[in-house]
Novice: 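Here you go, one structure.
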2 protein chains.
Amino acid sequence: MPVAPPQKTPLATQFDEWQARGFDANACPVRNVLDRIGDKWTSLLIVALAAKPRRFSELHRAVPDISKRMLTQSLRDLQRDGLVTRHVFPTKPPSVEYRLSPLGQSALGPLAGLIDWAERSFAEIKAARAAFDAGDTSEQMSAA
Amino acid sequence: MPVAPPQKTPLATQFDEWQARGFDANACPVRNVLDRIGDKWTSLLIVALAAKPRRFSELHRAVPDISKRMLTQSLRDLQRDGLVTRHVFPTKPPSVEYRLSPLGQSALGPLAGLIDWAERSFAEIKAARAAFDAGDTSEQMSAA
DNA sequence: CTGCATCCCACTTGATACTG
DNA sequence: CAGTATCAAGTGGGATGCAG
């Protein structure tokens, strides 16, 4: 029983295209954008800013285990990519507010899709990990 | 002028939930799954396997700038998470085929969504980077 | 409050060579 | 062909202290 019909996905076509273009890292969105998404903090920060703009320390509280160093750096990357805008209020103790730009907001949909998949699949993934770690590699030895 | 209506996204709700649960890394899909997606190679390999199952060296050719070491490791991670299955054919020169599991195939949709966003936004992101690097921080100095 | 600079360690990754 | 082993280099990230 076929687990899935071998349909030609758009991704497969995309991949052929990238390959044809020589995988130039500068022209490959996957490596330019996906690497950023997986930056351990950036995606989390985008989600943290999804609800409302937040100030620096507010973000720091929202994501407890990020250091100031990484928070600053991640926010700068986000700002550099135009996903987040930075608003400085010259109040007596200076306050800075970060908010998602329209571009940043446009990322929420796709990101939500992936996160939704992650949550739906998490149990299955954990089970697979447990099975794998238990030595159950479930490898098929096909006849030659 | 408001750049975007402050609508309550599902992501925002999700975030509050994670926060309430103390951001336990072991229970947080974002950090467990997204980190893997951003693994620099895994997402690329998933896409490479989207079209059809491939053998080890076939993958190596498909993704030119990955080392054997990283290819092996990435494939093992993928296999461990149950996204990829490994089929060994005991032929004379041994050949091994990797293919997406149903779980792995279920990731293609969300992943395609993100990649689609990346391609659509790539020009804008590059422009933002160029502007930022040119010193145009475009920071708003709001009145106190 | 919001950051930047420095130090430093750990982990990741790549290169190379070797094995079944 | 499909890996594994070892070593060396690069990088990410935390801790701390200082500054505007």
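In what follows, every chain begins at residue 1, and chains take the letters A, B, ... in the order their sequences are listed.
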Novice: For the backbone of B/R36 and the side chain of B/T42, can you confirm whether one donor and one acceptor N or O come within less than 3.5 Å of each other?
Specialist: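 A pair under 3.5 Å: yes.
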
Novice: Say whether, by atom type as modelled, one donor and one acceptor occur between the side chain of B/S43 and the main chain of B/I37 under 3.5 angstrom.
Specialist: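 Judged by distance alone, yes, a pair lies under 3.5 Å.
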
Novice: Go nucleotide by nucleotide along DNA chain D from the 5' end; which of A/D39 and A/P94 gets its closest nucleotide reached first?
Specialist: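 This one resolves to A/D39.
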
Novice: Calculate the interatomic distance between B/I66 atom CD1 and C/dT12 atom C1'; express it in whole Å.
Specialist: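 Answer to the nearest Å: 13 Å.
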
Novice: Nearest-Å distance, CG (B/L71) to P (C/dT12)?
Specialist: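 Roughly 18 Å, once rounded to whole Å.
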
Novice: Under 4.0 Å between a side-chain N or O of A/Y98 and OP1 or OP2 of C/dG3?
Specialist: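 True: A/Y98 side-chain N/O within range (under 4.0 Å) of C/dG3 OP1/OP2.
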
Novice: First and last nucleotide of DNA chain D touching chain B, 5' to 3', heavy-atom cut-off 4.0 Å?
Specialist: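 Going 5' to 3' along DNA chain D, contacts run D/dC1 to D/dT6.
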
Novice: Any idea which of C/dA17, C/dT2, C/dG3 is nearest the A/S57 side chain?
Specialist: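 Between C/dA17, C/dT2, C/dG3, the one nearest the side chain of A/S57 would be C/dT2.
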
Novice: Any base atoms under 4.0 Å from B/K40, or only sugar-phosphate, or nothing? Heavy atoms, all strands.
Specialist: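 Sugar-phosphate contact only.
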
Novice: Using a strict cut-off of less than 4.0 Å between a Lys/Arg side-chain nitrogen and an Asp/Glu carboxylate oxygen, indicate whether B/D81 and A/R129 qualify as a salt bridge.
Specialist: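 Answer for the salt bridge query: yes.
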
Novice: Looking at C/dT6, C/dG3, C/dA15, which one has an atom nearest to any side-chain atom of A/R69?
Specialist: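 Between C/dT6, C/dG3, C/dA15, the one nearest the side chain of A/R69 would be C/dT6.
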
Novice: Identify whether the distance between the nearest side-chain nitrogen and carboxylate oxygen of A/R120 and A/D116 falls below 4.0 Å.
Specialist: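 Here A/R120 pairs with A/D116 in a salt bridge, since their nearest N and O are under 4.0 Å apart.
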
Novice: Just how far, in rounded Å, is P of C/dT2 from NE2 of A/H87?
Specialist: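 Interatomic distance, NE2 of A/H87 to P of C/dT2: 15 Å.
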
Novice: So, are B/R31 and A/D65 salt-bridged, with charged N and O less than 4.0 Å apart?
Specialist: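 Salt bridge: yes.
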
Novice: Please tell me which of B/K68 and B/Q73 maps to the more 5' nucleotide of DNA chain C, matching each residue to the nucleotide holding its nearest heavy atom.
Specialist: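 Checking each residue's closest nucleotide, the 5'-ward one belongs to B/Q73.
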
Novice: C/dT12 C1' sits how many Å from A/D35 CG, rounded?
Specialist: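 For the pair A/D35 CG and C/dT12 C1', the rounded distance is 13 Å.
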
Novice: Let me know the distance between CE of B/M70 and P of C/dC11, rounded to the nearest Å.
Specialist: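 After rounding, the reported distance stands at 15 Å.
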
Novice: Under 4.0 Å between a Lys/Arg side-chain N and an Asp/Glu carboxylate O for B/K126 and B/E124?
Specialist: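 No, no charged N to carboxylate O under 4.0 Å.
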
Novice: Would you say A/S101's side chain and A/L83's backbone share a donor-acceptor pair under 3.5 angstrom?
Specialist: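 The answer is yes, because a donor-acceptor pair under 3.5 Å joins these two groups.
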
